[in-house]
Amino acid sequence: MGTKAKRLVVANWKMNPKSDKEALALFKELAEGLKDLKEVDVVVCPSFLHIPAIVYSGKGRNLQLGAQNMFWEEKGAFTGEVSPAQLSGFGVKYVILGHSERRKIGETDEIIAKKVRAALDVGFTPILCIGETLDDRNSGEWSNRLNFQLRCGLENVRREEMGNVAILYEPFWAVGTSRACGAKEARETRLFAEDSIGGFYNDPNISKDINSLYGGSVTSKNAGSYVKEAGYNGLLVGGASLDPKEFIKIIKAVA
Ligand code: 13P
């Protein structure tokens, strides 16, 4: 059985920064600012293009590398795709899968399920993203939506592998909007998701093995509440991860 990670904070740089130089400067500042921090696993997910420069710089061995997406096949005629094996060669250990920004441009639950399986097969921790629209939230449909995304995303995952998967709850309406989810709602959703997963595997004690993360307009002001009040094991940070001082404050708030 896999083990639940320490507190986990993931920086999702999305399609920023614009050059190797900028990416390296940001990475180095983070590595330096976090060099004494032991209580939290910090994962940086740059664009595929900036991963080599970061690795070759030899900096930031206290930080882990993640990818923002990947393909599910190992190699072959798949134009424009990046494989798990290619990422693994650069020391990547985590991969964000099914992010709302990819679901919006057509990534399906079926595709996500294949990617989750491929990530586990190569030894990565897949960060499976789930979330609902504002309409789903307001109409009460959110629970069915999340249950469906979880059921599909975990379809090829065995019970004993759950400790190697992270589940990211990212309400679509909170991603990049400055409208963060309240701690109470986030807690209720976490419990619902963990309960659903317990149902799939017929194991009511599964929550001890689930790495539940929250993402969506996280700042240094609200970060602590998701861990301390809502019971998440960590966070995924988008916009605020591009500001090293703010990102370091976020990490310290959950440590
Ligand atoms: P923001 O932190 O910019 O809202 O992005 C969060 C995100 O991508 C959650 O998955």
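We count ligands from 1, going down the list as the structure has it; atoms in each ligand are counted the same way. Because the structure is a prediction, the values reported are computed rather than measured.
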Handout entry: Short side-chain donor-acceptor distance under 3.5 Å, Ser143 and Arg137
Key = no
Exercise for the section: Count the heavy atoms belonging to other residues, nucleotides or ligands that lie under 6.0 Å from CD of Glu74, then report whether that count exceeds 12. Expected result: no
Practice task
Could you tell me whether Glu101 and ligand 1 have an N or O pair separated by under 3.5 Å?
Solution key: no
Practice task
Could you check atom 9 (C) of ligand 1 against the protein and tell me its nearest heavy-atom contact, residue, atom and distance included?
Solution key: Glu170 OE1, 3.4 Å
Exercise for the section: Mark up the atoms of ligand 1 that fall under 4.0 Å of a heavy atom belonging to Ser217, in ascending order. Expected result: 1 (P), 2 (O), 4 (O)
Practice task
Using a 4.0 Å heavy-atom cut-off, say whether Ser100 meets ligand 1 through its side chain, its backbone, both or neither.
Solution key: neither
Completion exercise
In this structure, atom 3 (O) of ligand 1 is nearest to the protein heavy atom Gly239 N, 2.8 Å
Exercise for the section: Run the numbers for me: atoms of ligand 1, each under 4.0 Å from some heavy atom of Gly238, listed by number. Expected result: 1 (P), 2 (O), 3 (O), 5 (O), 6 (C)
Problem - Separation between OG1 of Thr219 and CZ of Phe247, rounded to the nearest 0.5 Å - result: 13.0 Å
Problem - atom 5 (O) of ligand 1 [closest protein heavy-atom partner, distance rounded to 0.1 Å] - result: Lys14 NZ, 3.1 Å
Practice task
Determine the sole option in Asn69, Val175, Leu128 for which the side-chain contact (heavy atoms from CB on, under 4.5 Å) test with His99 is passed.
Solution key: Val175
Exercise for the section: Hey, can you tell me if Tyr226 and Tyr214 have their rings parallel, tilted or perpendicular (30° and 60° cut-offs)? Expected result: parallel
Problem - Aromatic ring pairing Tyr169/Tyr232, orientation class (parallel under 30°, perpendicular over 60°, tilted between) - result: parallel
Fill in the blank from the handout: Within the 4.0 Å heavy-atom cut-off, what Leu168 brings close to ligand 1 is side chain
Fill in the blank from the handout: The residue among Asp209, Asn211, Leu120 that forms side-chain contact (heavy atoms from CB on, under 4.5 Å) with Asn164 is Leu120
Problem - Residue-ligand contact Gly176/ligand 1, heavy atom below 4.0 Å - result: yes
Handout entry: Modelled atom types, side-chain donor and acceptor of Glu132 and Trp173, under 3.5 Å
Key = yes
Practice task
Determine whether any heavy atom of Ser241 lies closer than 4.0 Å to an atom of ligand 1.
Solution key: no
Handout entry: Interfacing atoms of ligand 1 (cut-off 4.0 Å, heavy-atom, Leu236)
Key = 7 (C), 8 (O), 9 (C), 10 (O)
Practice task
Check if Gly216 has a non-hydrogen atom at a distance under 4.0 Å from any atom of ligand 1.
Solution key: yes
Problem - Over 12 foreign heavy atoms within 6.0 Å of CZ, Arg117 - result: yes
Fill in the blank from the handout: If we number the atoms of ligand 1 from 1 as shown, the ones under 4.0 Å from a heavy atom of Ala174 are 4 (O)
